[in-house]
Amino acid sequence: ERSPESLRTAITLFAEAVKEDATFAPAYVGLADAHSLLNLYDIDPPTDAYEKALEYANRAHDLDRDLAEAHASLGYIHFYYKRDRAASELEFRRAIQTNPSYAQAHHWFALALAAMNKPVDALSEIETAERLDPRSLSIKSAAAIVHFFAGEHERGLAAADRALALQPDFVPAQKVKRWIYSVQGNWTAAREAFKSERNSSGRPDAPGWKIIEAQLAPLDESSRRAALYMLEAVIDTPIIRSNDFTFAFEIALAYEHLGNGELALNWIERAERAGAHGFNMIESDPRLAGLRNSPRYRRLVEKLQQPK
């Protein structure tokens, strides 16, 4: 389900499994993956979530060095937490070599390859993942992201719609549709996707949605000024001001949309310092295309090549 509540329930259940059998490696993989994913799906994840994920993934690996799931978990953690792309790719390839039928390894490897601007390889991996697990909502949404990064907008929308056909309120698929429509300049459709996304979230009044509204604002001078005022007001709220991990990258996207590239770069730098998930995607994210010629942007991309 990949909601914060479900991930926390999963952590409790996997912890109970470990209590029953402290040598059961797959339970440690479950603990690792649930803690890793809290950083993506929870707006205020525990500050040590990635540290715990790494601890559990290493424990699983120590118990069973041939466990594909442990290698995939390490691949995810090396990519998003350690920002060590070489180590991440090695772990994903070990996972796939050990168990070519493990869909999640292909799924996560596809997203990493897409972020590393390797669209052909990414598309191959995500197609394999969806073939292996055709009912997975998260894999279909990941396919939409891979197509989005590759500039294949219609295929991306089709992938998101495959997820929504199975579960109409699946927020990750609605979110990617918003991304695609906004890059296409189809603002009416982007705002409709955003409306569905917000209403399906279970937290439609959360202040962070104002940041997304600013990303979709009309760009006539009056609307742009109003959006900037709204954005600056929400940035000043305590929940936003104190959480660069969750919000800095989204604020950067809002400022880029509203035509202030320097402020966008300031917030990308804050996202980098906070270890934000979205920072790992800046090399390929088409919503940042307007910044690509900036020396500051190029220096930020160079940081992606340097493990933390």
Side-chain angles (χ1 to χ4, degrees), residues 1-84 87-88 90-112 125 129-130 132-142 163 166-167 169-173 201-203 245-246 275-277 280:
E1 294 180 4
R2 298 189 180 226
S3 68
E5 299 76 18
S6 294
L7 289 166
R8 287 188 169 84
T9 300
I11 287 169
T12 299
L13 294 169
F14 284 124
E16 290 175 3
V18 167
K19 286 181 183 178
E20 292 290 331
D21 182 356
T23 66
F24 185 49
Y28 291 102
V29 171
L31 284 166
D33 292 350
H35 280 91
S36 287
L37 291 171
L38 276 175
N39 293 288
L40 179 57
Y41 292 100
D42 191 353
I43 64 169
D44 192 20
T47 55
D48 62 350
Y50 270 133
E51 291 176 16
K52 286 185 175 180
L54 182 58
E55 176 187 341
Y56 290 128
N58 281 328
R59 176 62 174 153
H61 180 252
D62 288 344
L63 288 167
D64 185 351
R65 293 185 176 271
D66 292 324
L67 187 64
E69 291 86 346
H71 287 294
S73 300
L74 287 167
Y76 187 99
I77 295 163
H78 280 303
F79 189 81
Y80 292 104
Y81 176 49
K82 292 295 187 180
R83 225 156 64 206
D84 188 337
S88 173
L90 181 62
E91 292 293 349
F92 282 131
R93 292 194 184 281
R94 283 174 175 166
I96 291 165
Q97 182 180 26
T98 305
N99 181 3
S101 296
Y102 185 41
Q104 188 156 281
H106 295 281
H107 163 196
W108 283 347
F109 192 25
L111 290 173
E125 290 295 334
E130 191 167 6
L132 290 168
D133 192 354
R135 300 287 295 178
S136 170
L137 300 173
S138 59
I139 287 176
K140 294 182 191 306
S141 297
L166 294 172
Q167 185 174 316
D169 62 350
F170 191 58
V171 170
S201 70
R203 297 183 295 272
F245 181 85
T246 297
H277 184 92
N280 295 280

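Residues: numbered from 1 along the sequence shown.
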Please report the interatomic distance [atom1]([X]) to [atom2]([Y]), rounded to the nearest 0.5 Å.
X: Ser138; Y: Leu111; atom1: OG; atom2: CG; answer: 9.5 Å
X: Thr47; Y: Phe245; atom1: OG1; atom2: CZ; answer: 10.5 Å
X: Glu51; Y: Ile77; atom1: CD; atom2: CD1; answer: 11.5 Å
X: Ile11; Y: Ser6; atom1: CD1; atom2: OG; answer: 11.0 Å
X: Trp108; Y: Glu91; atom1: CH2; atom2: CD; answer: 12.5 Å
X: Asn99; Y: Asp66; atom1: CG; atom2: CG; answer: 11.5 Å

Do the side chains of [Y] and [X] get nearer than 4.5 Å, heavy atoms only?
X: Leu54; Y: Lys82; answer: yes
X: Phe79; Y: Asn280; answer: yes
X: Leu137; Y: Pro172; answer: no
X: Leu74; Y: Arg94; answer: no
X: Asp42; Y: Leu37; answer: no

Provide the closest heavy-atom pair for [X] versus [Y] in the form atom of the first, atom of the second, distance.
X: Ala32; Y: Ala57; result: CB-N, 3.7 Å
X: Asp44; Y: Arg8; result: O-NH2, 4.2 Å
X: Ala53; Y: Ser36; result: CB-OG, 3.3 Å

Mark yes or no for whether [X], through its side chain, and [Y], through its backbone, hold a donor-acceptor pair below 3.5 Å.
X: Thr246; Y: Ile43; value: yes
X: Ser88; Y: Asp84; value: no
X: Lys140; Y: Arg135; value: no
X: Ser73; Y: Glu69; value: yes

Donor-acceptor list for residues 24-31 side chains, cut-off 3.5 Å, not counting sequence neighbours:
{"from": "Tyr28", "atom 1": "OH", "to": "Ala22", "atom 2": "O", "distance (Å)": "2.9"}

Between Lys19 and Glu16, is there a side-chain N and carboxylate O pair less than 4.0 Å apart?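 Salt bridge: no.
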Quick one: side chain to side chain contact (heavy atoms under 4.5 Å, CB included) partners of Arg93, sequence neighbours excluded?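 Glu89, Phe109.
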Among residues at least two apart in sequence or on other chains, which ones pass side chain to side chain contact (heavy atoms under 4.5 Å, CB included) with Ala129?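 So Ala129 forms a side chain to side chain contact (heavy atoms under 4.5 Å, CB included) with His106, His107, Ile126, Ile139.
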Neighbour count >12 (heavy atoms, 6.0 Å) for atom CD, Glu1: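 Counting neighbours around CD of Glu1, 12 or fewer heavy atoms of other residues, nucleotides or ligands fall under 6.0 Å, so no.
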Only counting residues at least two apart or in another chain, list the ones meeting salt bridge (Lys or Arg N to Asp or Glu O under 4.0 Å) with Asp64.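 Salt bridge (Lys or Arg N to Asp or Glu O under 4.0 Å) check on Asp64 returns nothing, list empty.
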Walk me through it: do His277 and Asn39 pass the test side-chain contact (heavy atoms from CB on, under 4.5 Å)? CA-CA 8 Å; His277 184 92; Asn39 293 288; over 6 Å; no
Using side-chain hydrogen bond (donor to acceptor under 3.5 Å, both in side chains) as the criterion, list what pairs up with Asp48, not counting sequence neighbours.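 With sequence neighbours excluded, Asp48 shows a side-chain hydrogen bond (donor to acceptor under 3.5 Å, both in side chains) to no residue whatsoever.
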Sorted by first residue and then second, give each ring-ring contact (aromatic ring centres under 6.0 Å, His included) pair with at least one member in residues 33-70; sequence neighbours left out.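 Matches after skipping sequence neighbours: His35-Tyr56, Tyr50-Tyr81, His61-His71.
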